[in-house]
Number of protein chains: 2
Amino acid sequence: MNYTENSNDAKRRELGSSTRATGSVTLNDVAKLADVSPITVSRAINQPNKVAPKTLERISQAISRTGYFPNQLASGLASRRSHLIAAIVPTMANSVHAETISFFCDRLRDSGYQVLLGETGYSEDQEESLIATVLSRRPDGILLTGTSHSKTSRRLLIGADIPVVETWDLTPTPIDVVIGFSHQHIGQAVAEYLLNKGYRHIGIVSASDNRAKIRARVFIETLARHGNIEVAVSFVSELTNFRLGREGLAHLLDNGFGEGAVFCSSDTLAQGALAEAQARGLLIPDQLAIIGLGDQPYAAHTYPALTTVRFDREIMGRRAAEALLARINGEPVTENCIDIGFSILERETT
Amino acid sequence: MNYTENSNDAKRRELGSSTRATGSVTLNDVAKLADVSPITVSRAINQPNKVAPKTLERISQAISRTGYFPNQLASGLASRRSHLIAAIVPTMANSVHAETISFFCDRLRDSGYQVLLGETGYSEDQEESLIATVLSRRPDGILLTGTSHSKTSRRLLIGADIPVVETWDLTPTPIDVVIGFSHQHIGQAVAEYLLNKGYRHIGIVSASDNRAKIRARVFIETLARHGNIEVAVSFVSELTNFRLGREGLAHLLDNGFGEGAVFCSSDTLAQGALAEAQARGLLIPDQLAIIGLGDQPYAAHTYPALTTVRFDREIMGRRAAEALLARINGEPVTENCIDIGFSILERETT
DNA sequence: TTGAAAGCGTTACCAA
DNA sequence: TTGGTAACGCTTTCAA
């Protein structure tokens with residue numbers, strides 16, 4: 001049979017240029033050139049092993065001759081597989097999320113998926129409207145940051161009936177799968193670490209997002225309970241940066257905090273605090289010990305805070321991607337709550 | 001007229017459950033409930049002012065009653081407006097790109113667009129395959145990083161016939177629009193700055209991506225020409241981090257570089273270099289002046305490098321978004337080459 | 001191994 | 001202001 005023309009073409013000509021012409025090459029054009037049916041071209045692309053080698057050859061020549069480009073919108077619509085994964089983060093300006101997403105993208109690209117990005121700016125309302133927007137693209141899966149979402153968000157996600165991975169935290173009641181670590185445990189572990197080290201003057205410079213607040217709360221409670229210690233506290237905004245770290249420590253020092261140890265809720269804050277301490281001529285770590293959190297790549301052993309709390313963004317990003325892929329492919333997911341843990345990395349005191 | 005049923009429904013019933021059922025609510029379902037035609041529902045959503053208030057009311061009730069969710073894949077296919085913008089960056093793990101994209105997303109979201117993210121890992125081949133992949137989603141526009149792309153990439157982009165914004169650099173021959181600053185000028189300006197300050201012992205710790213290499217080359221040439229100065233050079237990888245900054249400066253110092261000034265090709269490298277200098281007990285900036293580049297937010301006036309070269313990622317991200325939107329909406333674009341400039345920010349020497 | 005027909009959920013085009 | 005009809009470009013389903 002000869003696919004020189006199809007009904008669309010006939011109509012197109014018949015109606016003059018009034019039909020919606022796209023100008024771009026379609027599966028049909030390739031099919032005509034290769035003298036096969038459109039469906040065979042589709043198979044040649046998606047399941048080449050189900051097409052005879054000779055046919056395949058003809059088709060791939062036709063493809064390169066025409067410069068054909070599959071249209072994934074059409075493909076997604078017809079197959080209800082968009083090959084799109086949505087990722088919702090507070091902000092890419094925070095390097096911890098940027099890096100997680102970077103690993104997440106890497107892993108997904110290897111499996112033919114692309115990432116649709118959304119930023120909430122740490123707002124649950126914004127997250128809600130973002131979820132609604134991205135779901136209208138019919139993603140095959142979605143990554144969320146954190147485990148706290150509005151009622152509506154949860155309803156939308158459950159209604160969408162796609163795999164959901166929550167990251168950066170743990171919860172006994174995940175929407176679907178959760179990958180992260182316990183912020184309570186970090187607060188407690190750092191507090192106990194400092195108590196064991198014998199510190200009695202302890203401060204905290206903390207960001208004010210949900211997760212940082214939980215770490216701070218447990219940190220403070222643990223110190224109060226086990227060491228009967230009152231903690232000097234300085235909260236900064238959700239968005240943290242170098243300057244806020246300086247200002248945070250300055251605030252503590254200006255309000256009577258002398259020598260001791262300070263827990264900063266991110267590496268960025270820790271580095272700022274460090275600069276402030278150095279500017280004031282404090283000896284690190286003898287007069288002031290600084291603990292960061294996050295272990296930004298390769299920083300752990302090089303920046304002169306006493307200690308850093310480390311967790312692995314690569315593992316989180318990669319495993320989040322793998323969990324979604326497994327769910328999408330209907331593989332049995334054994335764990336729906338993955339604790340990647342953390343470790344307190346002690347530096348040699350120079 | 002009563003839209004209680006349409007031909008699809010009839011067939012669906014007729015054929016039993018053998019038709020492809022999606023389970024999800026469609027425009028048709030809403031239309032039936034509101035007793036209007038599907039196209040009217042579509043209008044109610046996209047051009048509400050073209051629909052009678054009473055009809056609108058009935059439709060919006062039907063929408064909320066059914067929990068209807070527009071399907072943007074279908075919409076994009078039918079209207080050839082995907083409302084998707086692709087963003088291709090080397091890596092989100094580099095904060096300069098993460099922040100640019102963050103501003104880019106913000107601006108686009110305000111106009112109802114979403115961002116499809118792709119990372120090239122600084123590879124032109126990877127960029128090429130990524131461009132091919134994202135174009136199959138029929139984005140309405142695309143942001144690229146840099147101005148150096150493979151022949152095939154350029155062909156693909158031109159063939160796609162969508163607005164293209166190149167960022168982070170300038171070129172007299174952009175594919176479409178380019179927004180950035182001149183890396184040649186930076187290399188020259190920093191060299192001249194140091195010469196004017198009277199420095200005669202000068203080093204550079206540079207990343208090895210294309211743009212950094214250009215800055216380094218012009219920097220070195222300018223110093224050689226105007227000051228007859230030989231520069232101590234230390235190149236690190238494309239991906240830069242704190243540790244590499246330390247190692248880069250260590251390399252210079254271990255190879256005979258004494259006091260003077262060092263130009264680091266990013267803030268991250270500068271901070272690492274700073275740590276190394278401090279570890280060696282060098283006085284900053286009296287014995288060693290360090291110049292960073294990028295001005296990561298709020299760092300400029302707080303971290304104790306002598307100077308930083310600043311450019312504005314917010315402007316770059318936002319204007320890139322606006323240029324694309326303008327092109328998409330067919331507005332006349334007056335400039336196709338936007339130089340956002342840079343400035344050398346001198347710190348008070350504490 | 002290949003194909004015909006129908007459909008995915010939406011919007012463009014014209015007509016009323 | 002509203003609607004009928006066809007189409008967007010692909011894949012599913014079933015049949016050969």
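Quick note on labels: first sequence line is chain A, next is B, and so on, each numbered from 1. Treat the numbers as computed from the prediction; the structure is a model and nothing was measured.
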Pair Leu27(A)-Ile45(A), side chain to side chain contact (heavy atoms under 4.5 Å, CB included): steps then yes or no: CA-CA 10 Å; Leu27(A) 205 64; Ile45(A) 293 168; 4.2 Å; yes
Rounded distance in Å - [atom1] ([X]) to [atom2] ([N]):
X	N	atom1	atom2	value
Lys50(B)	dC14(C)	NZ	C1'	14 Å
Arg81(A)	dG9(D)	CZ	P	24 Å
Gln72(B)	dC8(C)	CD	C1'	16 Å
Asp29(B)	dT10(C)	CG	C1'	13 Å
Gln47(B)	dC13(C)	CD	P	12 Å
Leu73(A)	dC8(D)	CG	P	14 Å
Leu77(B)	dT11(D)	CG	C1'	12 Å
Arg137(A)	dG9(C)	CZ	C1'	14 Å

Trace of the side chain to side chain contact (heavy atoms under 4.5 Å, CB included) decision for Arg43(B) with Asn46(B): CA-CA 5 Å; Arg43(B) 284 204 194 93; Asn46(B) 300 310; over 6 Å; no
Side chain of [X] only, please: which of [options] is the nearest?
X	options	result
Ser37(A)	dA4(C), dG3(D), dT11(D)	dA4(C)
Asn28(B)	dT10(C), dT2(D), dT11(D)	dT10(C)
Ile39(A)	dT11(C), dT2(D), dT11(D)	dT11(D)

Donor/acceptor link under 3.5 angstrom from Arg80(A) side chain onto base of dG9(C):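 Check fails, no donor-acceptor contact within cut-off.
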Quick one: is [X] getting a side-chain N or O under 4.0 Å of the [N] phosphate, OP1 or OP2?
X	N	result
Asn71(A)	dC8(D)	no
Thr40(B)	dT1(D)	no
Thr55(B)	dT2(D)	yes
Asn46(A)	dT11(D)	yes

Any side-chain heavy-atom pair of Ile39(A) and Ser42(A) under 4.5 Å: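 Yes, close enough: below the 4.5 Å cut-off.
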Sugar-phosphate only, base, or nothing, as touched by Arg43(A) at under 4.0 Å among non-hydrogen atoms: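 It contacts base atoms.
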Side chain to side chain contact (heavy atoms under 4.5 Å, CB included) between Thr40(B) and Thr55(B), intermediate numbers included: CA-CA 9 Å; Thr40(B) 303; Thr55(B) 317; 4.1 Å; yes
Short N-O contact, Lys32(B) and Asp35(B), less than 4.0 angstrom: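 Here Lys32(B) does not pair with Asp35(B) in a salt bridge, since their nearest N and O are not under 4.0 Å apart.
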